[in-house]
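Have a look at the structure below before the remarks.
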Amino acid sequence: AMSPALRTWRARIFASTWLCYVGFYLCRKPFYIAKSALGNATGWDASDLAFIGTAYLIAYAAGQFIAGWAGTKGGARRLLLAGMGLSLVANIAFGFTNSLGLFAAFMAINGLAQATGWAGTVSTMGNWFMRRERGTVMGFWATCFQFGGVFGNGLAAWALGKWGYEYSFFCGSAAMLLV
């Protein structure tokens with residue numbers, strides 16, 4: 001039988017990692033929602049915007065390898081908090097820069113930061129749930145990326161329509177800060 005304290009901690013771990021991963025999507029989706037408006041406002045063409053997206057994807061892919069190692073060395077909590085904080089700061093910077101080079105550099109930072117999410121949350125869940133229950137538990141837990149995608153896209157689109165592309169980034173960062 002599981003102690004009430006352990007049951008409570010497992011529920012807290014489930015909820016906090018679920019919210020954490022939703023939070024990452026709040027700072028992952030705004031660029032793709034605001035891309036057209038960003039291009040119009042800055043004069044960046046499709047190649048420029050593709051360069052920015054590529055900077056993100058390359059950094060994200062490299063970051064997946066780094067995040068696994070960093071999480072093992074420094075712990076998942078530190079990894080996730082650092083990733084969330086860096087992503088939040090990068091998204092704020094997006095709203096203040098109209099330099100293609102700076103935007104791409106911050107997008108690469110965002111890619112590295114975003115890469116911490118999966119490694120940190122999944123390893124934490126694996127540590128708190130037994131192998132025989134992980135399929136069911138992770139089935140429910142994995143709804144975080146669907147919810148995060150819908151909420152991240154919706155928030156970014158709403159802010160874009162209401163205040164402009166900069167606020168797609170600012171609102172995502174503000175929501176991430178709440179998480």
Side-chain angles (χ1 to χ4, degrees), residues 11-38 41 49 52-64 66-68 70-71 74-99 102-125 128 138 140-179:
R12 289 174 65 184
I13 294 299
F14 184 100
S16 63
T17 56
W18 191 92
L19 284 171
C20 175
Y21 206 72
V22 167
F24 275 106
Y25 273 82
L26 300 170
C27 289
R28 181 179 298 177
K29 293 297 189 173
F31 172 72
Y32 300 100
I33 295 297
K35 189 165 47 171
S36 179
L38 176 66
L49 296 168
I52 292 168
T54 301
Y56 171 84
L57 292 173
I58 289 170
Y60 185 78
Q64 291 288 323
I66 297 166
R77 184 180 342 172
R78 286 187 188 127
L79 176 74
L80 290 168
L81 288 173
M84 292 172 78
L86 276 174
S87 188
L88 188 153
V89 168
N91 272 262
I92 291 171
F94 296 149
F96 287 111
T97 187
N98 60 3
S99 160
L102 273 176
F103 204 103
F106 280 113
M107 189 59 102
I109 291 168
N110 194 39
L112 289 171
Q114 288 283 321
T116 66
W118 190 255
T121 55
V122 170
S123 69
T124 300
M125 288 294 292
W128 282 87
M138 293 305 289
F140 286 106
W141 182 88
T143 60
C144 61
F145 72 86
Q146 289 107 355
F147 185 83
V150 169
F151 187 59
N153 283 339
L155 179 62
W158 174 78
L160 173 65
K162 189 138 179 92
W163 300 300
Y165 79 89
E166 299 95 334
Y167 288 88
S168 291
F169 300 111
F170 297 155
C171 286
S173 292
M176 172 75 105
L177 185 61
L178 289 175
V179 169

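In this structure, Gln64 CD and Leu112 CG are separated by 10.5 Å, a value rounded to the nearest 0.5 Å. Rounding to the nearest 0.5 angstrom, the gap separating the CG atom in Leu81 from the OG1 atom in Thr116 is 9.5 Å. One distance of note links CG of Leu57 with CD1 of Ile52; it measures 12.0 Å at 0.5 Å rounding.
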Below 3.5 Å, can you tabulate the donor-acceptor pairs from side chains in residues 172-179 to any protein atom, sequence neighbours excluded?
residue: Ser173; atom: OG; partner: Leu88; partner atom: O; Å: 3.0
residue: Ser173; atom: OG; partner: Phe169; partner atom: O; Å: 3.2

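The shortest distance between side-chain heavy atoms of Leu26 and Phe151 falls below 4.5 Å. The shortest distance between side-chain heavy atoms of Tyr32 and Asn153 does not fall below 4.5 Å. Side-chain contact between Trp163 and Cys171 is present, with heavy atoms from C-beta onward closer than 4.5 Å.
Between Gly63 and Ala115, the shortest heavy-atom contact is C-CB, 3.3 Å. The two residues Val22 and Cys144 make their nearest non-hydrogen contact at CG2-O, 3.5 Å. Shown here for Ala76 and Ser123, the closest heavy-atom pair between the two residues is CB-OG, 4.0 Å. Listed here is the closest heavy atom pair of Gly83 and Ala113: O-CB, 3.3 Å. Shortest non-hydrogen contact noted between Ala70 and Leu79 is CB-CD1, 3.9 Å.
The side chain to side chain contact (heavy atoms under 4.5 Å, CB included) test applied to Ala37 returns Leu160, Tyr165, not counting sequence neighbours. With sequence neighbours excluded, no residue satisfies side chain to side chain donor-acceptor pair (under 3.5 Å) with Tyr167. Residues satisfying the ring-ring contact (aromatic ring centres under 6.0 Å, His included) criterion with Phe96, sequence neighbours excluded, are Phe170. For Tyr25, the side chain to side chain donor-acceptor pair (under 3.5 Å) partners at least two apart in sequence or on another chain are Arg28. With sequence neighbours excluded, the residues forming a side chain to side chain donor-acceptor pair (under 3.5 Å) with Ser87 are Asn110, Gln114, listed by chain and number. Applying the side chain to side chain contact (heavy atoms under 4.5 Å, CB included) test to Ser16 and every residue at least two apart in sequence or in another chain returns nothing. Taking the side chain to side chain contact (heavy atoms under 4.5 Å, CB included) definition, one finds that Ala105 meets it with nothing, sequence neighbours left out. Applying the side chain to side chain contact (heavy atoms under 4.5 Å, CB included) test to Leu80 and every residue at least two apart in sequence or in another chain returns Cys20, Phe24, Thr121.
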| task | Show the numbers, then the answer: is there a side chain to side chain contact (heavy atoms under 4.5 Å, CB included) between Leu49 and Leu38? | result | CA-CA 9 Å; Leu49 296 168; Leu38 176 66; 4.3 Å; yes

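The aromatic rings of Phe106 and Phe94 sit perpendicular to each other, their planes meeting at more than 60°, with 30° as the lower class boundary.
Under the 6.0 Å cut-off for aromatic ring centres, Phe14 and Trp128 do not qualify, their centroids lying 6.0 Å or more apart.
Within the structure, every pair that satisfies the side-chain hydrogen bond (donor to acceptor under 3.5 Å, both in side chains) test and touches residues 140-151, not counting sequence neighbours, is listed here: Thr17-Trp141, Trp18-Thr143.
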